[in-house]
Number of protein chains: 2
Amino acid sequence: MTMTTDDAPVRARWLLEILATKWTPIVLYLLNQQSPMRSGELRRSVPGVSRKVLTATLRNLERDGLVTRENYPETPPRVEYRITELGESLIPIIFSLEAWAEENIAEVLARRTPHAA
Amino acid sequence: MTMTTDDAPVRARWLLEILATKWTPIVLYLLNQQSPMRSGELRRSVPGVSRKVLTATLRNLERDGLVTRENYPETPPRVEYRITELGESLIPIIFSLEAWAEENIAEVLARRTPHAA
DNA sequence: CTGTATCCACATTGATACTG
DNA sequence: CAGTATCAATGTGGATACAG
């Protein structure tokens, strides 16, 4: 998406575009708990993610400076990912999102459900 | 998107799925500043949004209980939108997203830009 | 004034199989 | 083990014109 104006709430969308990638919050959360993690280790810790999408997620995080990638060209290959300081600065935000969801998502979902019977 | 597990960071995605709709943060922000607002008033305050997408955004917000919609079947028609308490509870989160972006987005964008010669 | 109906463009996710 | 190439499916956003 492209930003148009420069108003206050519009800036929030910059971060949303980073976080809204489906697996990003989970990957940051895991790497915050344990760094480094190897590629396969991450993939097993994120149930349901495909290699391709996990790689894309990590590439984006690396590009944005939220994660670092260390490649050890051994046999077999080994790649380690670490969260950066900038990445760590997002952890409190992820927790605040989670806190809101935990407290309010039931009400939201109840509204979405066609009042059963 | 559908949620798969029930782990901590996964819950954050519930809220992200709400907020990541392109115009949602802006609409909530505007309605927090001024409620009620009429449809066209909102549309003029959100530069670049189309009728269709704004309507869809408001429908989602209404469905989730973040906004109320009041229809006055006069001539010409008048429709007023108000933010709810639940919607207001998201304002601090939107501000925290904005604060992070304001402080860090320059660094992120610099990394994305191929170090211009 | 408000909202809907089409039709289209684009990005993201995903399944599967292959390469180094 | 780590990553890529392909192809398909889906969903969100958008332009335009029409309806109540």
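Convention: sequence-line order gives letters A, B, ...; per-chain numbering from 1.
Note on A/R43: nothing from the nucleic acid sits closer than 4.0 angstrom, heavy atoms only. Looking at heavy-atom distances under 4.0 Å, B/Y81 makes contact with sugar-phosphate atoms alone, never a base. Contact annotation for B/S39: backbone-only contact, meaning every heavy-atom pair under 4.0 Å involves sugar-phosphate atoms and none involves a base.
Phosphate proximity of D/dA2 to A/R78: absent, as no side-chain N or O sits under 4.0 Å from OP1 or OP2. Under 4.0 angstrom from either OP1 or OP2 of C/dC18 there lies no side-chain N or O belonging to A/R51.
Contact annotation: the side chain of A/I105 never approaches that of B/R11 to less than 4.5 Å [non-hydrogen atoms, C-beta and beyond].
With rounding to the nearest 0.5 Å, the separation of CH2 in B/W14 from CD in A/E102 is 13.5 Å. Considering CZ of A/R69 and CD of A/E80, their distance stands at 11.5 Å, rounded to 0.5 Å. Going from atom CD1 of A/I93 over to atom OG of B/S96 covers 5.0 Å, rounded to the nearest 0.5 Å. Atoms OH and CG, on A/Y81 and A/L54 in that order, are 7.0 Å from each other to the nearest 0.5 Å.
When rounded to the nearest whole Å, the span between CD of B/E17 and P of D/dT10 equals 17 Å. At whole-Å resolution of the value, CD in B/E62 and C1' in C/dT2 are 14 Å apart. Here C/dC1 presents its C1' atom at 13 Å from CG of B/L54, a figure rounded to the nearest Å.
Distance from the side chain of B/T55 is smallest to C/dT4 among D/dA2, D/dG13, C/dT4. The side chain of B/R59 has C/dT4 as its nearest neighbour among D/dC1, C/dT4, C/dG14. Nearest to the side-chain atoms of A/V79 among the listed nucleotides D/dG3, C/dG14, C/dT2 stands D/dG3. Checked against C/dG14, C/dG20, C/dT2, the side chain of A/P77 finds its nearest nucleotide in C/dG20.
Of all heavy-atom pairs between B/A20 and A/R13, the closest is O-NH2, 3.7 Å.
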Fill in: Pairing pattern in dot-bracket form [Watson-Crick, G-U; both distances under 3.5 Å; | = partner strand] for DNA chain D
||||||||||||||||||||
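Tested against A/L16, the residues B/L16, B/T21, B/I94, B/T24 include a single side-chain contact (heavy atoms from CB on, under 4.5 Å) partner, B/L16.
The residue among A/K52 and A/N71 whose nearest nucleotide of DNA chain D lies closer to the 5′ end is A/N71. DNA chain D is contacted by both A/R44 and B/V49; A/R44 maps to the nucleotide lying nearer its 5′ end (nearest heavy atom per residue).
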